[in-house]
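What follows is one structure encoded as structure tokens, with my remarks underneath.
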2 protein chains.
Amino acid sequence: MSENEKLTEEKIFEAATVVFEEEGLSGARMQTIADRAGINKALLHYYFRTKDHLFEAVFTKLAKKMFSKFNPIFEKELSLEEKIRFFFREHISFMQHNPKLPGFIINEINHNPQRIKKLLSNIDFKKLWSTILEHHAHELYKYNITEENLPQIMTTIASLSVFPFAARGILEIVFNNYGVNFDKYIEDRKTFAADFVIKAITK
Amino acid sequence: MSENEKLTEEKIFEAATVVFEEEGLSGARMQTIADRAGINKALLHYYFRTKDHLFEAVFTKLAKKMFSKFNPIFEKELSLEEKIRFFFREHISFMQHNPKLPGFIINEINHNPQRIKKLLSNIDFKKLWSTILEHHAHELYKYNITEENLPQIMTTIASLSVFPFAARGILEIVFNNYGVNFDKYIEDRKTFAADFVIKAITK
DNA sequence: CATAAATTTGACCATTCGGTTAAACTCAAT
DNA sequence: ATTGAGTTTAACCGAATGGTCAAATTTATG
């Protein structure tokens with residue numbers, strides 16, 4: 001039945017997502033995924049022939065989910081300053097709901113760059129900062145932004161939102177000594193990071 | 001022979017370091033480590049009883065190497081601004097020589113927080129930002145630094161230096177589209193990040 | 001209802017992997 | 001030269017793991 005098939009395939013996919021995010025490709029076990037999905041292990045191989053197939057399906061979907069959060073932001077009709085605020089608010093919110101995603105993607109890329117490069121070849125990164133220079137050429141005079149330092153600025157923005165989630169484990173250890181609550185810290189970060197960047201790039 | 005013993009143990013340790021950094025705990029194979037060290041697999045278990053023992057030895061040493069880079073910087077007799085510049089120069093230089101370290105540590109913490117928390121319990125993070133507030137109390141009037149936003153500022157500084165190495169794989173994909181060279185980008189980052197932070201926190 | 005197609009399962013297989021063991025080798029001290 | 005402790009090796013073991021298969025079950029179709 002197609003209704004049931006969708007359900008089973010989805011159950012598998014969701015279980016695999018959780019397990020892969022938590023354990024990574026090499027740490028994940030097919031049996032663990034099967035258990036979590038509440039099905040037989042052989043059924044995994046019926047829907048996704050191999051562990052690699054399953055992994056690629058999961059990774060591709062998650063990567064698209066992650067990186068697609070960048071593009072629309074840079075197409076909206078907002079001033080540069082508004083866009084920066086909008087980005088941090090939206091992107092950090094997204095990660096609050098998917099806290100393991102950054103670490104997962106970073107981890108898998110580090111373990112197998114060539115393979116992941118292929119999986120990511122569909123995603124178009126080219127628009128990313130060309131839009132900045134083009135759509136905001138007329139307001140760049142207010143900011144210390146040039147084609148030269150744009151890579152630095154863009155990666156800085158990414159750092160500020162992504163790093164706290166990727167390195168959450170370490171931050172929580174350090175925070176523990178000072179009674180800082182991670183969730184509160186993240187909530188604050190939406191505005192702090194935006195203010196910080198805007199202050200830094202404004203002439 | 002004690003001379004030879006040191007040599008063998010070191011050969012194993014170095015091989016294990018490389019393999020663990022590249023593959024992670026779950027991805028690393030004892031056979032791979034043995035091969036790389038040019039010895040028999042049983043010899044691994046003679047020097048380090050189990051994979052876990054070997055891993056903990058390697059991880060602890062690398063973690064200390066990494067985090068010890070933070071402390072001395074905050075004890076030197078420099079102005080706050082000089083310290084920030086000093087930090088980015090030194091810390092990024094360190095990572096240029098150990099580019100896989102950040103990703104490795106982040107990855108292992110994400111996969112097993114409790115265990116790593118124990119391994120890191122020797123390291124003292126407490127001095128980290130208390131020194132800032134104490135040693136520089138008299139010059140804080142120049143900056144937008146309070147006890148409240150110190151966590152944000154400290155993690156921001158860490159983000160800016162660590163993230164490019166942790167997420168190197170992704171950055172290189174994006175950079176590829178714009179002809180940006182990663183090594184050049186890193187070299188620039190030492191001063192860019194310092195300027196960026198100082199600009200952002202100066203009243 | 002009968003039949004074929006799709007789905008699900010339990011049992012099983014081959015390989016890989018971490019770890020063990022007993023024997024062999026090295027070498028310094030007697 | 002012999003001994004004995006430390007070092008190294010080849011061969012082996014049991015468990016875990018990814019994957020397969022044929023049989024059983026469910027579902028769609030005439």
Side-chain angles (χ1 to χ4, degrees), chain A residues 1-61 104 107-108 111-112 115-116 118-119, chain B residues 1-61 104 107-108 111-112 115-116 118-119:
Chain A
M1 201 208 286
S2 185
E3 184 60 21
N4 211 326
E5 181 184 344
K6 270 277 147 56
L7 267 173
T8 305
E9 194 170 334
E10 253 169 50
K11 271 195 310 186
I12 294 177
F13 197 92
E14 280 166 25
T17 299
V18 174
V19 175
F20 278 134
E21 273 191 349
E22 237 154 50
E23 319 276 4
L25 170 57
S26 59
R29 299 286 162 252
M30 294 300 266
Q31 188 61 59
T32 313
I33 296 173
D35 290 348
R36 186 167 193 109
I39 53 145
N40 192 286
K41 182 169 66 108
L43 204 50
L44 285 185
H45 292 89
Y46 177 75
Y47 282 95
F48 303 86
R49 299 168 70 93
T50 65
K51 191 188 184 186
D52 276 351
H53 274 67
L54 181 52
F55 171 76
E56 297 202 352
V58 169
F59 183 90
T60 306
K61 180 165 182 193
F104 171 63
N107 175 30
E108 297 307 329
H111 284 351
N112 199 336
R115 176 202 212 154
I116 305 294
K118 277 179 205 153
L119 295 182
Chain B
M1 199 208 287
S2 187
E3 183 62 19
N4 211 326
E5 182 186 344
K6 272 276 147 55
L7 268 172
T8 306
E9 193 169 335
E10 252 169 52
K11 272 196 310 185
I12 294 176
F13 197 91
E14 280 165 25
T17 300
V18 174
V19 175
F20 278 135
E21 272 192 349
E22 238 154 48
E23 319 276 3
L25 169 58
S26 59
R29 299 286 163 251
M30 295 299 266
Q31 188 61 59
T32 313
I33 296 173
D35 290 347
R36 185 165 194 113
I39 52 142
N40 192 286
K41 183 168 66 108
L43 204 50
L44 285 185
H45 291 86
Y46 177 74
Y47 281 96
F48 304 85
R49 298 169 70 97
T50 65
K51 191 188 184 185
D52 277 351
H53 275 66
L54 181 51
F55 171 77
E56 297 202 351
V58 168
F59 183 91
T60 306
K61 181 167 181 191
F104 171 64
N107 175 30
E108 297 307 329
H111 284 350
N112 199 336
R115 175 203 212 152
I116 304 294
K118 276 178 205 153
L119 294 183

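Residue numbering restarts at 1 for every chain, and letters A, B, ... go by the order of the sequence lines. Heavy-atom basis, side chains included; hydrogens, waters and symmetry copies ignored.
Going from atom CD1 of B:I33 over to atom CD1 of B:I12 covers 9.5 Å, rounded to the nearest 0.5 Å.
In this structure, of D:dG19, C:dT7, C:dT20, it is C:dT7 that holds the atom nearest to the side chain of A:Y46. The nucleotide whose nearest atom lies closest to any side-chain atom of B:T8 is, among C:dG18, D:dT8, D:dG19, D:dT8. Ranking D:dT9, D:dG18, C:dT9 by closeness to the B:I39 side chain, first place goes to D:dT9.
Taking a cutoff of 4.0 Å between a charged side-chain nitrogen and a carboxylate oxygen, B:E56 and B:R115 qualify as a salt bridge.
Separating the CG atom of B:D52 from the P atom of C:dC17 is a distance of 16 Å, rounded to the nearest angstrom. Here the P atom of nucleotide D:dA16 and the NZ atom of B:K51 are 15 Å apart, to the nearest Å. In this structure, CD of A:E23 is placed 14 Å from C1' of D:dT17, rounded to the nearest angstrom. Look at CD on B:Q31: it is 12 Å from P on D:dT9, rounded to the nearest Å. Rounded to a whole Å, the NE2 atom of A:H45 is 13 Å from the P atom of D:dT17. A:F48 has its CZ atom 15 Å from the C1' atom of C:dT7, to the nearest Å. Going from atom CD of A:E9 over to atom C1' of C:dT8 covers 15 Å, rounded to whole Å. Look at CG on A:D35: it is 14 Å from P on D:dA16, rounded to the nearest Å.
Checking side-chain atoms of B:E108 against main-chain N and O of B:L25 turns up a donor-acceptor pair under 3.5 Å. Checking side-chain atoms of B:E23 against main-chain N and O of B:R29 turns up no donor-acceptor pair under 3.5 Å.
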For this session: Show your working on side-chain contact (heavy atoms from CB on, under 4.5 Å) between A:T50 and A:H53 and close with a plain yes or no.
Result: CA-CA 5 Å; A:T50 65; A:H53 274 67; 2.9 Å; yes

Between the protein and nucleotides 10-14 of chain D, are there any N/O to N/O pairs under 3.5 Å, and if so, what are the atom names and distances?
from	atom 1	to	atom 2	distance (Å)
D:dA10	OP2	B:N40	ND2	3.3
D:dA10	N7	B:N40	ND2	3.4

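Here the two rings, on B:F59 and B:F20, have centers that are 6.0 Å apart or farther.
A close approach under 4.0 Å does occur between a side-chain nitrogen or oxygen of B:R29 and OP1 or OP2 of C:dG18.
The aromatic rings of A:F48 and A:F13 are tilted relative to each other, their planes meeting at an angle between 30° and 60°.
The residue B:A28 sits close only to the backbone: its heavy atoms come under 4.0 Å of sugar-phosphate atoms, none of a base.
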